[in-house]
Amino acid sequence: MKSFNERCYIILKKVPKGKITTYNAIAKKLNSKAYSAVGNAMNKNPYAPNVPCHRVIRSDGTIGDFASGPIAKIKILKKEGIEIKKGKIDLKKYEYKL
DNA sequence: CGGTTGACCAAGT
DNA sequence: GACTTGGCCAACC
């Protein structure tokens, strides 16, 4: 049985390039409400290059946070082809349904 | 086993 | 629309 954190990474791995997901969605996928725990897992993220933690945003569509700063996160997402408006993302367009 | 932390969320002010 | 409060839950010490 893998820990809660590892499951978050597995879910996250499924997210394709050019798409994003939310902390809330991941927590729900794990049948839990530990949004914060998901965020915590990302912060530790031992699978740094392996897991695209930068593709996870908040349920409001805001960037949220990132270990290297939210600005770096935005940069990466833009590179992935995601358009960001005023520091927010269009969930309708880019949210990847798990 | 209890208390603290956190890349969160929703509702209230 | 920005800020505060309370709540949720897993990981860590």
Side-chain angles (χ1 to χ4, degrees):
Chain A
M1 192 58 173
K2 296 183 178 288
S3 24
F4 183 87
N5 294 28
E6 296 203 30
R7 288 192 242 177
C8 299
Y9 306 138
I10 293 170
I11 301 287
L12 198 48
K13 269 188 201 166
K14 296 184 196 165
V15 181
K17 175 179 169 238
K19 295 271 182 179
I20 53 88
T21 187
T22 67
Y23 299 98
N24 194 348
I26 294 174
K28 275 186 180 173
K29 240 359 184 183
L30 297 174
N31 205 31
S32 182
K33 297 156 200 138
Y35 330 100
S36 255
V38 175
N40 243 334
M42 297 304 116
N43 188 15
K44 297 178 182 166
N45 190 15
Y47 299 83
N50 200 7
V51 174
C53 21
H54 54 270
R55 284 183 203 154
V56 187
I57 64 170
R58 296 184 38 155
S59 58
D60 297 33
T62 53
I63 301 300
D65 247 318
F66 196 64
S68 312
I71 302 154
K73 192 166 177 178
I74 294 172
K75 254 182 151 186
I76 298 169
L77 290 171
K78 273 193 163 185
K79 270 197 169 189
E80 301 272 328
I82 296 173
E83 190 179 0
I84 299 172
K85 319 201 156 193
K86 322 285 193 229
K88 296 201 178 180
I89 298 178
D90 294 356
L91 283 171
K92 301 256 180 201
K93 292 186 179 182
Y94 299 109
E95 185 180 19
Y96 175 71
K97 276 98 181 169
L98 298 168

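What you see below is based on every heavy atom in this structure, not just the backbone, and it leaves out hydrogens, waters and symmetry mates. The model shown is predicted, which means the values in this text are computed figures rather than measured ones. Below, chain A is the first sequence line, B the second, and so on; all start at residue 1.
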Are the side chains of A:Ile89 and A:Ile63 in contact, using a 4.5 Å heavy-atom criterion? yes
Who passes side-chain contact (heavy atoms from CB on, under 4.5 Å) against A:Lys79, sequence neighbours left out? none
Boundaries of the DNA chain B segment in contact with chain A, non-hydrogen, under 4.0 Å: B:dT5 to B:dA10
Looking at residues 23-48 of chain A, who's got a heavy atom less than 4.0 Å off DNA chain C? A:Ser32, A:Lys33, A:Ala34, A:Ala37, A:Lys44
Could you name each residue pair satisfying ring pair (Phe, Tyr, Trp, His ring centres under 6.0 Å) that touches residues 29-49 of chain A, not counting sequence neighbours? A:Tyr9-A:Tyr47
Across the strands shown, which category fits A:Thr22 at heavy-atom distances under 4.0 angstrom: base, sugar-phosphate, nothing? nothing
Under the salt bridge (charged side-chain N to carboxylate O under 4.0 Å, His left out) test, which residues partner A:Lys92, sequence neighbours left out? none
Identify, with sequence neighbours excluded, every residue that meets side chain to side chain donor-acceptor pair (under 3.5 Å) alongside A:Arg7. none
Using salt bridge (charged side-chain N to carboxylate O under 4.0 Å, His left out) as the criterion, list what pairs up with A:Arg58, not counting sequence neighbours. none
Going by side-chain contact (heavy atoms from CB on, under 4.5 Å), name the residues that satisfy it together with A:Lys85, two or more places apart in sequence or in a different chain. A:Glu83, A:Asp90
Can you list every ring pair (Phe, Tyr, Trp, His ring centres under 6.0 Å) pair that touches residues 50-98 of chain A, not counting sequence neighbours? none
Within residues 65-93 of chain A, the residues having a heavy atom closer than 4.0 Å to DNA chain C are none
List the residues meeting side-chain contact (heavy atoms from CB on, under 4.5 Å) with A:Ser3, not counting sequence neighbours, and say none if there are none. A:Glu6
Which atom pairs, donor and acceptor, lie under 3.5 Å between side-chain atoms of residues 19-29 of chain A and protein residues at least two apart or in another chain?
unit_1	atom_1	unit_2	atom_2	d
A:Thr22	OG1	A:Ala25	N	3.0
A:Tyr23	OH	A:Lys73	NZ	3.4

